[in-house]
Amino acid sequence: MSKIKNKSLRESYNLKPGDFNTERKPTWCLGCGNYGIWNSLKKTFVKLRLMPHEIVIVYGIGCSGNGANFIRTYAFHSLHGRALPVATGVKLANHKLNVLIMGGDGDGVGIGGNHFIHTCRRNIDMTYILHNNKVYGLTTGQTAPTSGRGFKTKSTPSGVLEIPVNPVSLALICGATFIARGFSGDTGHLLDIMKKAIKHKGFSFIEVLQPCVTFNKINTYNFYRDRIYKLEELKDYDRSNLNEAIKKSMEEEKIPTGIFYDIDRPTYEDGLKQIERKPLVDHMIADIDINRLLNRFY
Amino acid sequence: MSKIKNKSLRESYNLKPGDFNTERKPTWCLGCGNYGIWNSLKKTFVKLRLMPHEIVIVYGIGCSGNGANFIRTYAFHSLHGRALPVATGVKLANHKLNVLIMGGDGDGVGIGGNHFIHTCRRNIDMTYILHNNKVYGLTTGQTAPTSGRGFKTKSTPSGVLEIPVNPVSLALICGATFIARGFSGDTGHLLDIMKKAIKHKGFSFIEVLQPCVTFNKINTYNFYRDRIYKLEELKDYDRSNLNEAIKKSMEEEKIPTGIFYDIDRPTYEDGLKQIERKPLVDHMIADIDINRLLNRFY
Amino acid sequence: MKVSNISWKIGGEAGFGIMSTGAIFSKIFAKKGYYVVDNNEYPSLIRGGHNAFTVRVSSNEVFSIDKDINILVALNEETIKLHQEEVIYGGYIIYDEDSGDITEIKKARKDINYIMVPFSKIITELGVPRIMINNVSLGASVALLNYDLEVLRNIIRDIFERKGPEVVSFNIKSSEFGYKYIKEKLKINAYELEIVKPVNKMLLTGNDAVFLGAVRSGCKFYAAYPMTPSTSILESFASVENDYNIVTKHAEDEIAVINMAIGASFAGVRAMVATSGGGFSLMNEGLGSAALTETPLVIILCQRPAPATGLPTWSEQGDILFAIHASHGEFLKVVLAPGDPEECFYLTGKAFNIADTYQIPVIVMLDKYLSENHFSYERFDFKNITVERGKLLTRSKDIDAGYKRYLNTEDGVSPRAVTGIDRGIHIANSDEHDEYGYSEDGAFNRKIMVDKRFRKIKKLMEEIPPPKIYGPTDAEITIWSWGSCKGPILEAMNILNQKEKKVNLIHFTYLYPFDGESIEGIIEKSNKNIVVENNKTSQLAKIIMMNTGYRIKNKILKYSGRQFLPGEIVNGIEQIE
Amino acid sequence: MKVSNISWKIGGEAGFGIMSTGAIFSKIFAKKGYYVVDNNEYPSLIRGGHNAFTVRVSSNEVFSIDKDINILVALNEETIKLHQEEVIYGGYIIYDEDSGDITEIKKARKDINYIMVPFSKIITELGVPRIMINNVSLGASVALLNYDLEVLRNIIRDIFERKGPEVVSFNIKSSEFGYKYIKEKLKINAYELEIVKPVNKMLLTGNDAVFLGAVRSGCKFYAAYPMTPSTSILESFASVENDYNIVTKHAEDEIAVINMAIGASFAGVRAMVATSGGGFSLMNEGLGSAALTETPLVIILCQRPAPATGLPTWSEQGDILFAIHASHGEFLKVVLAPGDPEECFYLTGKAFNIADTYQIPVIVMLDKYLSENHFSYERFDFKNITVERGKLLTRSKDIDAGYKRYLNTEDGVSPRAVTGIDRGIHIANSDEHDEYGYSEDGAFNRKIMVDKRFRKIKKLMEEIPPPKIYGPTDAEITIWSWGSCKGPILEAMNILNQKEKKVNLIHFTYLYPFDGESIEGIIEKSNKNIVVENNKTSQLAKIIMMNTGYRIKNKILKYSGRQFLPGEIVNGIEQIE
Ligand SMILES: Cc1ncc(C[n+]2csc(CCOP(=O)(O)OP(=O)(O)O)c2C)c(N)n1
Ligand SMILES: Cc1ncc(C[n+]2csc(CCOP(=O)(O)OP(=O)(O)O)c2C)c(N)n1
Ligand code: SF4
Ligand code: SF4
Ligand SMILES: [Mg+2]
Ligand SMILES: [Mg+2]
């Protein structure tokens, strides 16, 4: 069980993106933005020369979460909103693994919002890919916390009254150390972001703008194509400037994509002496001597 | 049932802060920062000429939440972390009431973090006072999500590994429309903030730096006295500039207090046609005619 | 052939309008006074996977769909594979040869009439969108039943009116084409339904009925987080929030949902929430908060197969023991389980009255089958739902000085002041408290308060009716069941009746508190008791045993995620004998 | 007076060190081989309110504190008011006249020896902090018992060593002063305990024992959110995380807690969580996720009086039916309820083995009384806890190609590959799934999977021992109880024994699954069955009835938020007769 992260020189790696397919075919609607994410991710694994068994992906519940059935790695299809704590447990138990989290916007910043805040603070070395379609897909079209104000859905026929959650801004305020936004209609760019995110040491977060062709008629491919630009195109954009990043993240007329923020901060695991030598899972537990502990109670 | 908010000209108002005391005496430790909050709040009510029955305070669970027993208004002593949704229900059912929320930092941004995000987005006209002692008081001294990195507590004897949640920054990112920070050691200033917060139309949030004399030996009165300053002292501070406010909120060496942000945005209630004429609670329900509705099903 | 009863099924790939097509078929017959029951089967996917919609139409009262299908509309080959065996001897399958070669499949059922309707070609010819295949199939079905095409036309007109005349016209054109294809081209006349009294009937689901009952009861605050199969209640409430002055809140999660409703109820309005098992699990803590603060609350629990995310779009009755014992600690709650939409309607009204009168949480349990499938009714007499708010104080002048929110009364119910009135100030406290509401941890007070809250059960028990008995009192076989199994069992009883077997049903809609005494006589008298439940562990049998000590050994259980079909119950009973 | 048994109590205002003083008193005697049980009573406040700590010391085995107090140390007047009546005839109260005039109160108990020790004056004289009153009182108590002062000195030295010699010295000085005040000034010699075999005994709580059992079992991941009375387990784990290579996570809430533990367990380590009722309510959804993904998990549930926030610092057994039926849907879980710290220790070991062997969640139930009070033991033989991980696959070479995580085996348990190994790739799925783990909603598959998971019960039942019987088999009266009531009942049986009443106890530590057959014989044979439970609704009686049909009519219940005292059980039994 060794994590090969960053070991780009693995000999005789000959996997192809298709090797990350399971026997199940995706059931997403034709044209769904999830396909772009799915494709970029498989390619990213190949680029990073990762093997399926070295990866654990924890999924939320939603259209995005159904992806658990279509990507061949270790997978945990968890509860709605609870992917982050499950992933945290996996990573702490075996920090040699490459741990990713994939889930919807309702999952991640709706019901799961609290875990998002606290996982960002923790800076555990994992990568969270948020499929943001600004709607509840799997339950067939209610508002998400990311839906724009006024958005009319089955649960908000008079229009949403709240302002939306901005996942990138939230991640920035809460302390994630790598924060990016991609667009599932630009898989090349997305692949590039994913690669860097997985390589980043610490908690990396990618918001993917993911059109839901069935239930969101506002935030379509064209909507995004008309609005997005790449931060890379800006000459003097400084990825280590938090305030700058926050300001950028809140831009709405033109939507920045790319990497907003990328800094080094000790990870949570760095602070854990108990896993310095080896992962928890590698410890022998057959006959633990607790004499010392018993003696405490005299 | 009429809300007298902003009616500063109520005739013959002759209540004193003591009239907001219940028959129960506070059980907080001597010197606890909660006393300062308690005193300021009672005075604020008097200044605003509010009557006890016009106010509903929803409390979380914690030392702060125990205050439910010591302030004479309508009160709901809710579950740990769940004060905000309870308050939301109260306000939507009867928006003529003055609704406040009081709770600890563990309550508000630990277990209750998700409600905090979403209540800010909603901008319901209520006032949330967060008692931030940067520790879990009532459970006798474990880390809070606001505890500084490295803080040693019973649950983190090797020191906290996460960076803390900054409640003011979080409120700013999430969309609260009035955001302030007070210090329970400066009750005059706090009173002033509270007055404005309650008068503000929309969701107002006050983080109160509240020393826990028993379990937090770092963030003491002196710690704060040495560090805090007032935003009012800055000549050109613009309370409507979100970016500026966020930047300020993150200052750590010197800690700003006062009002960070104060803007107008339509409240959630403003968007609800169904309460335009009168509060929900004032509707007659004895014999509702559903003929029209039944007809839908043919 | 004149018949009193036909079953029709349409199947195809998910995401291609099977559900709305089925719903139209139901409507065609309800409009003219037929009894209709339908059933929608779909996967937890937006596209892909298989969808099927079954409609049973009858000129006599009908309580459930059944396995036997007269006409199967197969929009793809898979539908034939999956459902061909359900088609009765001599039945019909409508299919399009372009959607797959079925020569092989056909061989298994030489008795069936395979009717090829070239859907694809027709729509190409008509130049209408592919989705119009559904209308062609509806027209063809109407023709096979020798039914009135005008009814179909009218319904299509109603539905698509707001989309403009063009849409209406090509929808109608497609259906007409299908109709004529059968009538004029193939000249088949399969069945003809017996004529019934021509009344216009409603068609509604259990969820619809709960919604109607709640609006009638004066529910002013509805909060929810979407979760199949409860979601349609949220959408219904949202659709009338302005008409009926109801605040409908799609909240951030189910924990917020229940706590918001508690807040609204505390402030004096009637409040309700609905969810499925997962959301209900998350609401457990809030449930106890409603109980200890004595805040009335109605919770609709639409079950689906579990644990965890389980089978989101299927049906099971797996949560009853959980619901009864839900939340830490001991407190009084009421658990109801209607058996059909009509019971959903009236029991929702009852739930609000119980919640208000006893200041306790009331849980109403449905399941996917009951929540999402349609049943026909002439109309509900909504005047039968009255509003009883119990000891609610809304005016200061009714309150004496020194008001005690948790007054230790004889019946255990304390007068409850709504917020905002002068003399009613109090703490609603999730800590144990004294009569005023102040936190109080003394042993003496604790016992008084626990006893006070439990004492409510006395009056409550007087309101709780015994289970309903269907069928003869002197039956050879007594079936015990609850909730949505009612329909299939009643159908099964009809079948058994024809076989001259005397069977009756003891059906529980009030599940908790459970009055063991009221049924002890019945159990002992009966020759043969059988429990029928849509779960694995026979939870009703456990409840009966827990309360009466009587072990019902015979069980017919189904836990495949599908509700019972009448024939399965008949078989089960015959096997036990 | 030579005695085999004394009870000592100290009371005062919360926040003044009552608890640590009591704990030292317990230790003094455990050190020398006495049997000790103690009990700490405190409010859910940091300051204010009343604290009391009771210690029972005996030269014979002792199972619980009792009501009768020999020596009461009253640090304030209120303590005398509240507890004076508990002092036995001829007992002693140590008080300080400066803390209030008790001339009036005294009149009620002319039989008691009121010993005035001027605590306030003494500490002023000694020039030590006020908190030293506690030490003065300890010294005085040791003297009254004619016990060895050196033992106290040593313990004080151990405890305060790290605070430096000055602190040690004024602590010791204070205690010596109290000792001398009694010995030399007042010359009172109240009791003298019979001598016992001088072994050094441990003193630990149920929580301590759970913690020890978990460390021994190889628990590598512990997550929790503080909640009385479970919090000390979190603090214990945190204190050894580096010594024993355990990750201890104080997470953001209980939902995160359970899901983190599930993740860790999925990745292959043994994982545990602990909480109280409120947190357990929030964990309900996660519990089902562990069940459907078949991820082993141990949950410690330390009960407190509920519902909602309830009485956070008091004791009750109110959650057993909830725990048994927790979470939506139907699945196999195991619920254990140790009766004392020793059982806590071994059953925690057992819990891990069951969880791993059957890949199911196991809940271990304590309550505040068991979680927080100390009991004395010579030592635990930790070799009796072995580690059985069941069908865990940790090496690729043990796995065939085409690995199926949810293989439909005969015993229902499927080989489980830890993450990271080459051939073990799979989905752990909270959706219903096929043998590989892929989401699958077919009826056929559903039934297979439900049956597979439930089939584990067969082998599991073979491992589940029948309840333990204490006392004679031919008793006139049989007590049925569970968990922490064990101690008070055993004490009550001793008392009844002296009255020549033959009583036995059937004590359940395995509560679910429940083997009804194993007890049917006992119930029917017994003349008089009585249930003793620390709750209102006699939940064990319900479980027994649910599983055997036998109704135990006699009940001794206590739900004031306090555990039983032996005398109450004796009284209860005498009243029933
Ligand atoms: C506790 C709980 N509540 C509700 C649901 C129902 N549910 C399943 S997916 C979903 C929302 C899907 O939206 P999102 O997370 O944005 O994912 P998407 O389908 O859009 O990818 C909901 C509410 C659930 N599974 N669990
Ligand atoms: C669901 C739940 N988990 C845990 C607890 C126990 N608990 C009570 S107060 C508290 C934390 C108190 O900290 P904070 O909210 O910061 O309030 P403070 O006491 O510091 O004012 C906890 C964990 C609870 N009551 N409910
Ligand atoms: S509903 Fe939307 S998000 Fe879901 S699969 Fe279809 S297009 Fe994608
Ligand atoms: S523990 Fe801290 S927060 Fe709680 S009352 Fe004491 S000083 Fe205040
Ligand atoms: Mg979404
Ligand atoms: Mg705090």
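We name chains A, B, ... by the order of the sequence lines, and we start the count at 1 in each one.
- Ranked by heavy-atom pairs shorter than 4.5 Å toward chain D, the options C:Gly288, C:Ala290, C:Ser289, C:Gly310 are led by C:Gly310.
- The most heavy-atom pairs under 4.5 Å with chain C, out of D:Tyr559, D:Phe444, D:Tyr550, come from D:Tyr559.
- Pairing each heavy atom of D:Asp441 with each of C:Ser44, the nearest pair is OD2-N, 4.2 Å.
- For the options D:Gly561, D:Ser430, D:Gly318, D:Gly549, heavy-atom pairs under 4.5 Å to chain C are most numerous at D:Ser430.
- When D:Glu432, D:Arg304, D:Glu440 are compared by the number of non-hydrogen pairs under 4.5 Å with chain C, D:Glu432 comes out ahead.
- You'll find the side chain of C:Leu282 reaches within 4.5 Å of the side chain of D:Ile255, heavy atoms only.
- Here C:Gly278 is the residue among C:Ser276, C:Ala291, C:Gly278 with the most heavy-atom pairs under 4.5 Å with chain D.
- Along residues 448-455 of chain D, the residues that come nearer than 4.5 angstrom to chain C, judged on non-hydrogen atoms, are D:Val450, D:Asp451, D:Phe454 in order of number.
- Under the rule for a side chain to side chain contact (heavy atoms under 4.5 Å, CB included), the partners of D:Pro305 that lie at least two apart in sequence or sit in another chain are C:Arg446, D:Leu311, D:Trp314, D:Glu316.
- Within the 4.5 Å cutoff, side-chain heavy atoms of C:Pro312 are placed close to those of D:Asp431.
- Taking all atoms of both residues into account, the shortest heavy-atom contact from D:Ala308 to C:Leu292 is CB-CB, 4.0 Å.
- In terms of non-hydrogen atom pairs under 4.5 Å with chain C, the most contact-rich of D:His50, D:Lys542, D:Arg562 is D:Arg562.
- Between atom CG of residue D:Asp319 and atom NE2 of residue C:His325 there is a gap of 12.0 Å, rounded to the nearest 0.5 Å.
- In this structure, D:His328 and C:Phe322 have tilted ring planes: the angle between them lies in the 30° to 60° band.
- The two residues D:Lys536 and C:Glu330 have their closest heavy-atom pair at N-OE1, 2.8 Å.
- Remark: D:Glu285 CD to C:Thr309 OG1 distance equals 7.0 Å, nearest 0.5 Å.
- Among C:Lys558, C:His433, C:Lys447, the residue with the largest count of heavy-atom pairs under 4.5 Å with chain D is C:Lys447.
- Residues C:Glu520 and D:Arg551 approach most closely at OE2-NH2, 3.6 Å, considering heavy atoms.
- When each of C:Gly277, C:Gly442, C:Pro43, C:Gly49 is checked for heavy-atom pairs under 4.5 Å with chain D, C:Gly277 comes out on top.
- Contact annotation for D:Phe331: only side-chain heavy atoms (C-beta onward) come within less than 4.5 Å of a heavy atom of chain C.
- Taking CE of C:Met546 as the start and CD1 of D:Ile543 as the end, the distance is 7.0 Å to the nearest 0.5 Å.
- In terms of non-hydrogen atom pairs under 4.5 Å with chain C, the most contact-rich of D:Ala443, D:Ala541, D:Gly279 is D:Ala443.
- There is no contact between D:Gln317 and chain C, counting heavy-atom distances below 4.5 Å.
- Contact count against chain D (heavy-atom pairs under 4.5 Å) is highest for C:Pro307 among C:Pro307, C:Gly329, C:Ser439.
- The part of C:Gln539 that comes within reach of chain D is its side chain, from C-beta onward, which places non-hydrogen atoms under 4.5 angstrom from that chain.
- With a threshold of 4.5 angstrom between heavy atoms, C:Thr293 does not approach chain D through any atom at all.
- For the set D:Leu287, D:Thr313, D:Asn547, the entry with the most heavy-atom pairs within less than 4.5 Å of chain C is D:Asn547.
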